[in-house]
Structures are given as structure tokens and as C-alpha cells.
Colleague: 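The following block contains the structure, expressed as C-alpha cells.
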Amino acid sequence: MTLETPIEYLSGIGAEQAKLIKKVLGISAVEDFLNFFPIRYLDKSKTYKISELGEDENLEVQLKGRITDLVEIGGGKAKRLSAKFHDETGTMDLVWFQYSQWMKTQIPQNKEIYIFGKVTLFNRSFSMAHPEFEPMENKEQETRLRPIYPSSEKLTKRGLHQKFFQNILRNICAEIPNLIHENLPDDLMKNLKLMSRQNAFLNIHFPKNLDYFNHAERRLKFEEAFFFQLSYGLKKKYHKSHSEGNPFPVVGDYFNNFYKNHLPFELTNAQKRVLKEIRSDLKKTIQMNRLLQGDVGSGKTMVALLSSLIALDNGFQSCIMAPTEILAQQHFNGISKLLENTDINVKLLTGSTKTSARKTIHEELLNGELSILVGTHALLEDSVQFKNLGLAIIDEQHRFGVEQRAKLWTKNKIPPHILVMTATPIPRTLAMSFYSDLDVSVIDEMPTGRKPIITAHRKERDKISVFRFAKDEIDKGRQIYFVYPLIEESETLDYKNLVEGFENISQFFENYNVTMLHGKMKPDEKENNMKYFASGKAQIMVATTVIEVGVDVPNASVMIIESAERFGLSQLHQLRGRVGRGAEQSYCILLTSDKMTNESRKRIKTMCETNDGFKISEVDMQLRGPGDILGTQQSGVVDFKKLDLATDGKIVKTSKEIVEQILEKDPKLEHPDNQKMRDFYLQQYKGKNKWGKIS
Ligand code: ADP
Ligand code: MG
């Protein structure tokens with residue numbers, strides 16, 4: 001038997017069964033079976049008492065006692081069998097949702113027996129669904145936990161029960177000494193007290209006890225994290241030694257003049273630190289690929305501008321690309337204003353730029369008169385050619401694909417340095433894995449003088465008092481946002497809600513000006529309404545999530561979110577970031593109905609408790625899982641077998657540090673101590689990862 005042996009060659013599996021297993025479980029070779037992990041275990045080595053029970057997700061337990069009071073209850077689909085189970089320490093409920101009349105007669109009553117199953121806590125008492133049972137006299141003695149594998153009706157219907165899988169895996173596990181080889185260095189294993197690879201596979205399938213299971217699981221998680229980090233570490237090293245970049249050796253007049261004479265505020269320490277990190281990248285002859293993470297309002301735009309000035313001091317052009325027209329317009333307005341007393345030429349290019357203006361831009365880009373170009377993905381068009389693009393800044397990475405990022409590389413002979421800015425804080429473990437091909441800078445400090453936004457949860461029925469509060473704030477001179485959900489599945493219904501909301505609000509606030517913004521509007525209508533609000537002429541903006549990204553009206557200090565339970569956490573956080581931009585105390589009010597799922601309750605609670613985007617992103621990941629945070633296209637990247645980025649932060653961090661130490665000392669993995677690791681890596685990542693090649 002080898003890892004590659006097809007499963008139809010294993011004893012106990014016929015050709016038809018092999019086909020079915022392949023189809024349903026995707027298992028075709030011995031190696032796949034070894035990586036087919038149990039979802040929980042049955043502990044037959046120990047007989048539990050009802051008084052000792054707790055809820056352990058990994059375990060099914062064995063109990064000894066009597067079944068009584070067997071009755072059929074409910075009707076139709078809710079029909080089920082119910083019974084009591086007693087031992088000398090207590091009583092619990094048993095239930096069968098699907099059963100045949102024959103099965104009913106097989107359940108032994110008033111007789112001492114063993115039962116097995118997963119215990120759940122319901123209404124403060126324990127119960128067990130579909131227990132297996134065994135008369136006293138048949139009981140076999142087992143010394144290890146018995147694995148329960150993920151299965152499906154399709155398989156059990158065709159006779160592929162747990163016993164079947166347990167037998168196959170028992171046979172495979174007997175061959176582990178020939179199949180499994182260590183892939184981590186001895187020292188590392190010793191220092192981290194990791195179980196050997198062979199023992200880990202044996203104990204993940206047939207654990208000696210729960211303690212052994214925990215060690216086995218930890219070892220397998222570590223291994224997964226380790227080789228993932230190794231692959232990215234090698235990729236990064238490869239990239240750094242292969243991608244040429246234009247060095248920007250000087251900081252000159254453009255930067256210094258602006259810094260001394262036009263900077264409207266003192267930079268925060270975090271901004272200064274991040275600039276230093278960028279500056280040190282830009283000096284090198286290697287292309288910069290840096291991710292700048294900073295919460296909404298942390299001042300990323302200024303960092304972008306100052307970086308562009310360094311490019312300019314070295315004779316290079318820059319571009320800043322934003323995901324929406326509104327955002328590009330705002331960046332442009334902000335930057336033009338900051339540069340108004342300088343002679344630096346900055347222009348805006350979007351889909352709606354007029355042909356004549358576009359022509360000027362094209363010309364000035366080519367002759368080098370234009371220094372900074374702000375825009376949307378219109379910048380990516382082939383007709384946009386630069387004289388010498390040195391720095392490309394991308395705002396809000398989540399909305400641009402990696403391919404688009406790569407398209408910017410081609411805009412100059414030597415690719416421009418790349419700075420990706422994101423206001424969507426990503427949990428550390430996720431950033432460490434998913435972005436490990438980028439260097440990461442974090443602005444973790446807000447400009448001084450900002451008051452934290454006060455967030456409150458109110459029910460729909462309290463709306464009038466919320467409206468009154470809003471009125472008071474307007475009378476103090478503030479402006480208000482009302483946000484309505486707009487999600488694609490029910491777009492027409494949402495649209496109706498938005499329009500109705502707009503009418504209600506206009507009625508209640510009849511002496512004020514109310515304007516509206518949503519995705520179906522024409523660009524110039526959007527722009528007019530936005531201007532109407534930004535200029536202060538309208539006190540109230542009723543909008544969908546179009547305003548999520550980047551909108552900046554410092555005088556707006558109240559954000560009221562309708563049906564807040566329908567928004568995701570990161571979206572709520574982004575929306576809230578639209579207020580709290582000025583000196584005034586700001587408020588965010590989350591309106592919900594009475595009916596909420598536990599998950600939406602948790603989201604609302606988190607929002608009320610903290611303003612910290614990183615904390616919020618951690619909770620978001622606990623709730624949704626890492627794949628959903630990155631979006632479906634990218635979720636494959638974090639598709640681990642055992643490792644869970646939401647809960648295994650410590651393992652990710654340790655593995656990353658260790659991989660960095662190893663690659664620092666032995667970048668090509670040539671040292672004899674690292675041979676096992678190197679062989680395994682080459683075997684696993686063969687052809688999958690061109691950057692990760694150890695050359
Ligand atoms: P981000 O893009 O990170 O969400 P912005 O760059 O739009 O944030 O900055 C938010 C606001 O804070 C802007 O009005 C900006 O002028 C201001 N700002 C940025 N840095 C500072 C600072 N160091 N001190 C005071 N205000 C700042
Ligand atoms: Mg911004």
C-alpha cells in the first residue's frame with residue numbers, strides 16, 4: 001500500500017463502492033482517506049454517568065442504564081419516538097426522529113443496557129438523539145476512541161455505514177509506519193512539543209484518549225499552517241529577488257515644501273511610522289508591494305499624497321485608483337485642495353470624464369506635465385499611457401481583483417511601486433496568511449481630538465423618539481444620514497422601502513431639506529444630490545449603502561441605519577465611519593425589528609461595544625468564517641483541513657515566526673536539518689506554485 005494506491009485496490013472496497021465514495025466524498029486514493037478526518041469520537045473505553053455529562057463537541061459517550069416510557073408523540077412530519085433513560089445518578093431524554101415500526105419493537109425497555117450517542121443540552125436537561133444500544137452480554141471491550149466520520153444518506157443507504165469506514169481506516173492506519181514520514185525538523189518538534197506525524201495520523205483516527213486527540217490535532221494544524229507560511233515565504237523571497245523597481249533615492253523640494261508649508265495638521269505617530277516604512281521600500285531597486293491597513297478616518301489619503309510627492313521628487317508620476325466615482329471624486333477634491341498653493345498638476349479621470357478633458361489628460365500623461373492622476377478603473381484602459389509611472393496607489397483593495405492590480409504593473413517598463421490601501425481591517429491571522437505576499441503597514445491610531453462615536457440600538461417602534469433626537473441635532477447645526485439596506489435578492493422591495501422611508505422622513509422633517517442617493521441614479525444626479533448635502537444645503541441624506549465607501553462630510557454627525565440586522569458587521573462599521581469625521585460628538589443609531597437571529601444580535605452588540613475596526617473584524621470572522629470575509633473568489637486560499645483561522649491565531653503566528661527564522665538562516669533549505677521539510681514541500685507544491693519554487 002502506498003499513499004497513491006487507488007481505493008478500489010483496498011480490501012473491503014468493491015468497484016461500485018469505490019465509485020460512490022469518489023463521487024460523494026471525493027476520496028480516490030489512500031492519502032485522501034488518511035486526510036478524511038472524523039467529525040467526532042465515540043468513547044467506549046469509559047462508561048459515563050448522567051451526572052458527569054458535559055457538552056463536548058468531539059465526543060459521543062457510552063452510558064449504562066435502563067430505557068423506560070417509550071412513546072410515539074407528535075404527528076405528520078413532527079412524529080417521533082421519545083423515551084426516558086435512567087442510571088443511578090439521573091434521568092435524560094432519548095429521541096428518534098426517523099424510525100420504522102420494526103425498529104420501535106427492537107428498543108429494549110426496563111433492561112440494563114449500554115447506549116451510545118452524542119449528548120446535547122436542551123432546556124437545561126440532557127438528551128440524546130438516535131442512540132445506538134447494545135445489550136450487556138455482547139459488549140466488546142475497546143481501548144481507543146472510535147471515530148465517527150462525516151457521512152451522508154446516500155452512503156448509508158448503500159450500506160456504507162460507520163463500521164465500514166472504521167474498518168477501512170483501521171487497515172490503513174496499520175500501514176502508517178510505511179505511509180507517513182516526518183516532515184518537520186527534530187528541533188522544532190522538540191521545542192514545540194509536537195506529536196510525531198505518524199502518531200498524529202494514528203491518533204486523529206483512533207485516539208488513545210481525548211488528550212492524545214488534542215495533541216494530534218494540534219500537530220496537524222501546525223503542519224498545515226507551517227507549510228502554508230513556507231509557501232508564501234518562498235514566494236515573497238522569489239518576488240523580492242526577481243522584481244525590479246525604480247529606486248527613489250531622494251526626498252526633495254516637492255515633499256519638503258509641502259511638509260513645511262502646506263500640511264494642515266501634525267501627522268499622527270502611526271502616519272509617520274507608516275511613511276518611514278514606505279520610504280524605505282521606495283529607496284530600493286525592488287518593486288514595493290505594500291498593504292496599508294487603516295480604519296476609516298485614520299488618514300490614509302495623506303499618506304498616499306506624501307508618497308506621491310516622493311515619487312515626484314524623483315521624477316516619477318503617480319496614480320491613485322478608487323473603486324467608485326464618488327470616492328475618486330473625493331480623493332481628487334481633497335488632494336487638489338491640499339495642493340492648491342503649489343504648482344503640482346493633479347487631474348481626475350473617470351468613466352464620465354468628457355472627451356476633450358480626457359484628451360488633455362492623455363497628452364499631459366505622455367509629456368510628463370501631469371504628476372498625479374486620480375481615477376476609477378478607467379485608469380486601467382489601454383489608452384492611458386504614462387511617461388514614467390513610478391507609484392500606483394489602490395484604495396479599497398477588496399473591490400479590485402488581483403488581476404487588475406497586475407494590469408497596473410504593465411503601465412511602465414519597470415513596474416511601478418504598488419501601495420494598496422484598505423479601510424476594511426482584516427483579522428491579524430487572516431492578514432498574515434492571505435496577504436503574506438504583501439508587506440503590511442498598519443495605521444493603528446486615529447488623529448487626535450476625535451471623539452469616539454456613540455452607538456445605540458433602538459427598536460423600530462421607538463422610531464419617533466429617534467426622529468426627535470435627529471431633529472435636535474439638526475437644530476444644533478448638524479447633518480444626518482439615514483441608510484437603508486439594498487441587497488440584490490430583493491432589490492425591488494428594498495427600493496420600495498427606501499422610497500417610502502424618504503417620504504416619511506420628508507414628512508416628519510418638513511421644514512428641512514432632504515435629499516437621496518442610491519445606485520440606480522444617473523451619475524450626474526448622484527453628484528448633484530451629494531453636492532447638495534455636502535454643501536450643507538440639505539440637512540438630511542437618505543441613502544443606500546452607496547455611501548458606504550469614502551464619503552466625507554465632516555458636519556454630518558448622526559448615522560441612522562434602518563433594518564440594521566440585515567447588514568454585515570464590516571458593512572455596519574464602514575457605514576458608521578461616515579460620521580465622527582468632524583469635531584462634534586457623533587452618534588450611530590441601529591434600528592432593528594424585534595425579531596433577530598442570535599447572529600444579528602451579536603453583530604449589533606459588538607457595534608454598540610466598540611469602535612475598533614480590528615476588534616470588529618475578529619468578531620466578524622468568528623461569525624462568518626474566514627472564507628466569507630475574503631469573498632468567495634478568494635476563499636479557496638484559506639481552505640484548510642484542520643486549521644481554523646478564526647480560532648487558531650496562536651498557531652498561525654507561531655508558524656509564521658518559525659518559518660521566517662528558518663528562511664532567514666537557510667533561504668534555499670539546503671541545511672541537512674531542513675531536508676525532510678524541503679522534500680515534503682517539493683512533493684506537495686510541485687507545479688502548484690511557480691513563485692514558491694526553490695531555485
Ligand atoms: P481614511 O482614508 O483613512 O479613511 P482620510 O484620509 O479620509 O481617512 O482622513 C480622514 C480625515 O482626517 C480627513 O478629513 C483628513 O484631513 C483628516 N486627517 C488625516 N490625518 C490627520 C491628522 N494627522 N490630524 C488631523 N486630521 C487628520
Ligand atoms: Mg479614504
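Just so you know, these numbers come straight off a predicted model, no measurement behind them. First listed ligand is number 1; within each ligand, the first listed atom is number 1.
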Colleague: Could you walk me through whether R273 and E445 pass the salt bridge (charged side-chain N to carboxylate O under 4.0 Å, His left out) check?
Modeller: CA-CA 11 Å; R273 186 189 64 237; E445 179 189 3; 6.0 Å; no
Colleague: If only side-chain N and O atoms count, and only distance matters, is there a donor-acceptor pair under 3.5 Å linking T342 with H262?
Modeller: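 No donor-acceptor contact under 3.5 Å links the two side chains.
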Colleague: Between T448 and ligand 1, which part of the residue brings a heavy atom under 4.0 Å of the ligand: side chain, backbone, both or neither?
Modeller: neither
Colleague: Thinking salt bridges, do K602 and E599 make one under a 4.0 Å N-O criterion?
Modeller: no
Colleague: Quick one: ring-ring contact (aromatic ring centres under 6.0 Å, His included) pairs with a partner in residues 293-324, sequence neighbours left out?
Modeller: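 Of all non-adjacent pairs touching residues 293-324, those that pass ring-ring contact (aromatic ring centres under 6.0 Å, His included) are F248-F316.
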Colleague: Just heavy atoms, cut-off under 4.0 Å: does L267 contact ligand 1 by side chain, backbone, both, or neither?
Modeller: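 Backbone only.
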Colleague: In ligand 1, which numbered atoms sit nearer than 4.0 Å to a non-hydrogen atom of Q271?
Modeller: 19 (C), 20 (N), 22 (C), 23 (N)
Colleague: Sequence neighbours excluded, which residues qualify as salt bridge (Lys or Arg N to Asp or Glu O under 4.0 Å) partners of E618?
Modeller: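 By the salt bridge (Lys or Arg N to Asp or Glu O under 4.0 Å) rule, E618 matches no residue at all.
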Colleague: When you compare ligand 1 with M302, is there at least one nitrogen or oxygen pair between them that comes in under 3.5 angstrom?
Modeller: no
Colleague: Please find the pair of heavy atoms, one from K387 and one from L366, that lie closest to each other, and give the distance.
Modeller: CB-O, 3.3 Å
Colleague: What atoms of ligand 1 come closer than 4.0 angstrom to any heavy atom of D295?
Modeller: 3 (O)
Colleague: For atom 25 (C) of ligand 1, which candidate among P447, G294, P554 provides the closest heavy atom?
Modeller: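 Heavy atom nearest to atom 25 (C) of ligand 1 belongs to P447.
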Colleague: Which is it for E266 and ligand 1 at heavy atoms under 4.0 Å: side chain, backbone, both or neither?
Modeller: backbone
Colleague: Just jot down the ligand 1 atoms closer than 4.0 angstrom to any heavy atom of T268, in number order.
Modeller: 23 (N)
